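Notes for the one structure printed next.
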Amino acid sequence: MAKKLVTPEVFRKKVADQSDLFLITERAQGVYHEFLPQGLRVIKTPKELIFPEWEGVYRFSFQDRSWKVWEIETGDFSPRFLFLLPCEARAVIEVLDGNFLQKDYIDKNYWQRRKNLHLIVLGCYTIPKTCFCSLVGGNPLWRDGRSLFVLPFQGELYVENDETMLFGEGKSVDAREEETLATREEELKASLPPPLPSDFPQKLYAHFDEGIWKDLSWRCINCGACTFLCPTCYCFDLSVEGRLRGLTLKTWDSCMFPRFTLHASSHNPRPTGKERVRQRVMHKFSYLPLREGYYGCVGCGICREICPVNWDIRETVERMAKYLG
Amino acid sequence: MYEEEIRALSVKLLDEVEGVIGYSWGTLPFRARPFLCQKKEDVTHLVFNHFCGSNLARYLLSGELKEKKIAILAKACDARAITVLIREGQVKRENLVIVGIPCYGMVDRKKLEERFGPLQPQDFEWHLDSLTFKGENLSIGPFLEATCQRCLHPNPPLYDHLIGQEVTYIPRKRWNNDALTKLDMVSREERWAFFAGEFEKCIRCYACRNSCPLCYCKECFAEMQRPYWLSGAATPSENLFFHVGRSLHMAGRCVECGACERACPVDIPIALLPCKVEELIRGNFDFEAGIDPDKEPPLLTYRENDPGEFIR
Amino acid sequence: MDSLSVPVKNIYLPELVQIQEIIEETRDIKTFRVQRPHDFEYRPGQFAEVFVPGKGEAPFSITSSPTQEAFLEFSIKRVGTVTEALHRLNPGETVGVRGPYGNGFPIDSLRKQNLLFIGGGIGLAPLRSLINYVLSAPYRGNFGDIFILYGARTPQDLVFRWELEEWKKREDLSLLVTVDRGDDSWRGRVGLVPEVLKELSIDAKDFKAIVCGPPIMIKFTIKTLLEMGFQPGCIITTLEMRMKCGLGKCGRCNIGPYYVCKDGPVFSYEELQKMPEEY
Amino acid sequence: MVNEDRWEPKIVAFLCHWCSYAGADLAGVSRIQYPPNVRVIRVPCSGAVNPLYILRALREGADGVLVSGCHPGDCHYLSGNYFARRKFFLLKELLSWLGIEEERVQFSWVSASEGQRFAQVVQDVVESVKRIGPSRKMVKEFLLHV
């Protein structure tokens with residue numbers, strides 16, 4: 001049964017019964033507070049589960065007069081279910097998977113975690129003020145056809161694709177209900193701001209040298225808060241830790257930091273805040289769409305909320321869109 | 001607050017300076033943000049209110065403005081930071097027009113949310129040291145940020161123009177709520193449990209460092225390759241190293257503005273560390289940063305009878 | 001997710017190999033000859049990540065030709081932490097290698113062409129891979145005339161001196177070596193590469209130029225080549241960026257939407273023109 | 001990995017070249033016995049010890065750090081140890097306030113003629129660190145898990 005309705009009580013109980021299997025993102029919890037049992041483990045962004053702040057990728061040691069290297073298995077990342085909002089799901093499925101599971105080179109550590117992480121997309125029905133998913137081609141009910149999807153509907157919870165009966169049998173959705181749902185979805189989508197024009201990435205790219213970047217970047221203090229909490233930002237650093245025995249670490253890195261592109265020769269292709277802010281906007285709104293066909297921003301708005309100086313990516317993008325005509 | 005005065009003064013000042021660094025409303029409610037006003041028609045964006053937390057002195061160091069004549073809006077903390085920057089040779093006094101603003105403290109959005117639930121701007125009216133919520137008048141004290149509640153210097157020590165009237169009381173005495181004392185009271189194990197939890201949260205985004213007006217090192221020890229002090233991994237021990245190292249580097253320089261704490265995206269009360277160091281300096285070396293520009297900073301001087309019992 | 005097969009190996013894990021020989025080229029450049037890792041099939045112009053245990057990892061272009069089957073060579077200038085650690089190593093010691101990465105030179109489009117190689121300083125390293133490839137017996141016939149122009153700051157800064165001698169002896173190529181500043185014993189050409197280039201009697205129509213060197217030299221050389229009538233598509237160069245993964249994942253080495261590690265490091269000037277100047 | 005049964009503390013000692021280092025030397029040539037747990041790093045002056053050195057030593061797995069310089073008033077550079085005293089005071093107070101055991105970082109004044117005293121100081125430091133056990137709070141995690 002691909003589509004069903006379950007009561008909030010059953011839903012809450014099913015989750016509470018296996019609460020150690022479930023995790024939830026902070027944003028999703030904010031929206032679904034009333035449907036969920038207390039005490040689920042809350043994480044900031046989905047990426048910290050599958051692409052953690054730091055992890056060892058391989059170890060090395062000097063033993064018996066020779067060096068050895070061996071990979072670090074991510075090992076027992078047991079199957080888990082993560083409740084998250086559509087924007088966050090999109091960040092994982094499109095952007096993170098797109099980068100780390102690209103078919104020519106698959107990141108093994110990422111893959112080991114990702115294959116055991118099942119996403120449960122919670123349809124976003126009270127849309128937070130800070131987000132803007134429709135601008136970047138998403139919507140509050142976005143899911144890829146195969147995801148487990150939940151949405152409050154007429155006092156019950158509408159569930160899609162629950163193949164393992166995680167939330168019980170439920171009752172089937174009849175034709176009229178299905179129609180009501182579809183109409184609602186259409187209405188919801190229509191009420192949101194339209195997406196950025198399809199030629200936005202090209203136009204933005206063409207305006208790489210514009211003076212406006214200086215104005216746009218003045219306020220930014222070049223910390224990495226936005227990039228570290230962004231659900232899509234996947235840039236990382238590899239560094240070596242330890243001398244005779246140690247490991248190579250994969251850690252989050254940020255295009256906001258001067259060292260990100262600093263050459264050993266001390267030349268830096270992105271020497272000031274202007275270039276770094278431009279890189280962040282361009283990477284998300286021009287380079288990734290041009291290269292891979294998806295935006296590097298899912299419009300969740302977390303960077304707007306946490307920015308110490310209220311440097312606002314939505315404002316910037318809308319201003320650029322207006323400026324580019 | 002003071003908007004008319006600030007705007008009128010800015011129009012005048014723009015005749016002689018390249019720009020006025022001040023605040024404008026942000027893109028989200030209850031947020032003001034740094035704003036560089038370079039045209040007279042833009043002065044209408046300038047505002048001042050209880051959400052103008054960012055320490056503007058930080059912007060004096062950005063390459064573009066460093067050698068230009070600039071006017072800057074300065075709360076007490078900003079003015080103190082500017083004093084330190086001048087003393088350390090980072091900015092030239094003659095390039096600055098300092099517009100001082102006596103400050104009643106900055107409001108912590110989270111404390112408002114705790115008390116009033118989801119916030120609507122239209123429910124609030126703001127006054128110098130009080131607020132009106134749906135007609136009810138309340139003291140501002142309980143809603144101030146932790147660093148503002150323990151503030152000892154509400155009036156700027158250095159300015160060319162002063163907006164409004166000086167604050168006549170010392171906030172720390174009035175609000176009697178020092179975050180440090182609460183921690184001083186508990187046992188060492190409890191304090192460790194608390195800090196260990198906080199260091200666990202840190203993602204080392206360096207928002208604290210980058211929002212600090214006095215963290216201007218060209219290359220921070222945290223990002224140095226040689227010597228390689230720290231890895232990029234945000235593990236609790238490395239985070240502790242970073243924050244302790246930073247606090248000690250700020251010793252005798254920190255003006256306790258709380259910019260670091262305000263900037264933290266994961267809500268670590270990180271100003272506790274540098275503030276503790278300043279408290280130690282205040283008590284033992286009789287010094288406060290950015291108050292008296294002629295007084296020798298505490299780590300550049302000594303007294304023969306400094307505390308030394310801890311040394312065998 | 002299900003459609004993905006199980007990844008067999010960790011893509012960041014290097015293979016440990018022994019250093020066979022170290023040649024001191026100049027004061028601060030050494031060439032390291034290391035054992036070739038298993039299944040390491042590469043094209044001239046590609047690079048590899050070299051890992052020094054306990055010190056770090058950095059990308060270096062492979063300077064040996066794929067036709068030399070037993071080993072790989074890297075010519076490395078001492079500039080930073082990793083290169084300094086490398087310079088302290090001795091033959092017999094171990095380094096890690098993973099790769100090859102990058103696109104390499106477009107050999108197919110160079111076939112049947114006359115080739116003009118222009119190298120500056122350590123920039124000869126990636127070119128040398130291609131030069132020795134086209135000079136090797138099975139492939140020499142596939143290419144036309146070969147002209148090599150190589151410049152360095154002083155005679156002491158010339159790399160691969162032993163090989164320059166060999167090239168000089170060959171009759172199927174022309175070699176011109178120039179230095180910015182000569183010394184008492186220098187009998188060769190003195191002058192900056194772009195200036196020497198100007199004086200060469202080369203017909204732009206028949207040649208493809210392959211340029212590598214310090215950024216400033218590349219810039220002026222390309223300008224000169226254009227003045228000589230080279231089409232942008234006939235000028236090939238290699239770029240440098242800070243890289244970490246070498247696989248197009250870590251996200252730092254992009255110039256516009258192109259990753260230098262994956263789409264580069266070899267680009268034609270025609271492609272460069274379309275990219276923002278952020279390198 | 002620390003083997004708890006056979007654990008012996010590792011102490012990093014930053015010794016001033018002009019006094020404590022010579023004091024340690026004197027202890028050596030006088031055949032005075034003291035625990036072998038210290039790893040000595042000679043520094044030009046206690047004033048040259050950046051607090052980051054101490055933090056770094058702890059991060060790299062030292063169970064304790066000892067910094068030793070000239071008695072107040074005897075500094076070879078006149079006042080280096082007075083400046084040092086202020087820095088160390090702040091470091092020590094801050095670390096102990098954060099909840100780090102006070103014994104992890106210790107300071108002493110030992111002159112070049114005090115070989116016996118140096119041995120005693122080391123003895124005391126080693127014993128006090130032994131009492132509190134291996135360092136955990138400030139050691140980098142990668143070391144603990146390799």
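Residue numbers begin at 1 in each chain, while the letters A, B, ... track the order of the sequences. It should be emphasised that the depicted structure is a prediction, and the values quoted were computed from it without experimental measurement.
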### Message
Run the side-chain contact (heavy atoms from CB on, under 4.5 Å) test on A/Trp67 and C/Val95 for me, step by step, so that the C-alpha distance in whole Å, both residues' side-chain angles and the decisive distance to 0.1 Å come before the verdict.
### Response
CA-CA 9 Å; A/Trp67 287 99; C/Val95 292; over 6 Å; no
### Query
Please walk me through it: do A/Gln279 and C/Asn254 pass side-chain contact (heavy atoms from CB on, under 4.5 Å)?
CA-CA 9 Å; A/Gln279 163 68 16; C/Asn254 67 305; 3.1 Å; yes
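Taking NZ of C/Lys9 as the reference point, atom CD1 of A/Ile106 lies at 12.0 Å (rounded to 0.5 Å). Considering CZ of A/Arg65 and OG1 of C/Thr94, their distance stands at 13.0 Å, rounded to 0.5 Å. C/Leu13 contributes atom CG, which lies 10.0 Å from atom CD1 of A/Ile72 (distance to the nearest 0.5 angstrom). From A/Asp107, atom CG reaches atom CD1 of C/Ile11 across 5.0 Å, with rounding to the nearest 0.5 Å. Distance CD/C/Gln18 to OG/A/Ser66: 9.5 Å, rounded to 0.5 Å.
Electrostatic pairing of A/Asp253 and C/Arg252 counts as a salt bridge here, judged by a charged N lying under 4.0 Å from a carboxylate O.
Note: A/Arg259 leads A/Arg259, A/Lys250, A/His283 in heavy-atom pairs under 4.5 Å with chain C. When each of A/Arg270, A/Arg243, A/Glu292 is scored by its heavy-atom pairs under 4.5 Å with chain C, the top score falls to A/Arg270. When the candidates A/Leu290, A/Ile93, A/Asn109, A/Leu262 are compared by the number of heavy-atom contacts under 4.5 Å with chain C, A/Leu262 comes out ahead. The choice from C/Pro215, C/Gly80, C/Gly256 that makes the most heavy-atom pairs within less than 4.5 Å of chain A is C/Gly256. With chain C as the partner, the residue from A/Lys68, A/Met282, A/Gln102 showing the most heavy-atom pairs under 4.5 Å is A/Gln102. Ranked by heavy-atom pairs under 4.5 Å with chain C, the first of A/Ser265, A/Gly242, A/Ser286, A/Ser266 is A/Gly242.
Around atom CD of A/Gln202, more than 12 heavy atoms belonging to other residues, nucleotides or ligands sit under 6.0 Å away. Counting non-hydrogen atoms of neighbouring residues, nucleotides and ligands closer than 6.0 angstrom, the CD atom of A/Gln63 exceeds 12 such neighbours.
Taking both residues in full, the closest heavy atoms of C/Pro257 and A/Arg291 are given as O-NH1, 2.9 Å, listed atom of the first, atom of the second, then distance. Of all non-hydrogen atoms in C/Gly248 and A/Asn99, the two that sit nearest each other are O-OD1, 3.6 Å. Annotation for C/Met241 and A/Pro269: closest pair SD-CG, 3.6 Å, computed over non-hydrogen atoms. Considering all non-hydrogen atoms of both residues, A/Leu238 and C/Arg98 come closest at CD1-NH2, 3.7 Å.
Using non-hydrogen atoms only and a strict 4.5 Å limit, the part of residues 42-58 of chain C facing chain A consists of C/Phe51, C/Pro53, C/Gly54, C/Lys55, C/Gly56, C/Glu57.
Both the backbone and the side chain of C/Pro14 come within contact range of chain A, with heavy atoms under 4.5 Å apart. Contact of C/Lys262 with chain A is made through the side chain alone, with heavy-atom distances under 4.5 Å. With a threshold of 4.5 angstrom between heavy atoms, C/Asp263 approaches chain A through side-chain atoms but not through N, CA, C or O. Residue C/Tyr12 touches chain A through both its backbone and its side chain, counting heavy-atom pairs closer than 4.5 Å. Contacts of A/Thr261 with chain C are made by both backbone and side-chain atoms, with heavy-atom separations under 4.5 Å. When heavy atoms are compared at a cutoff of 4.5 Å, A/Thr248 approaches chain C solely by way of its side chain, counted from C-beta outward. Interface remark: A/Phe100 contributes backbone and side-chain atoms alike to the contact with chain C (heavy atom separation under 4.5 Å). With a 4.5 angstrom heavy-atom cutoff, A/Tyr205 touches chain C only via side-chain atoms. Residue A/Asp104 touches chain C through its side chain alone, counting heavy-atom pairs closer than 4.5 Å.
Counting only residues at least two apart or on different chains, the ring pair (Phe, Tyr, Trp, His ring centres under 6.0 Å) pairs with a member in residues 255-275 of chain A are A/Phe228-A/Phe257, A/Phe257-B/Tyr206, A/His263-A/His267.
Checking side-chain atoms of C/Lys249 against main-chain N and O of A/Tyr105 turns up a donor-acceptor pair under 3.5 Å.
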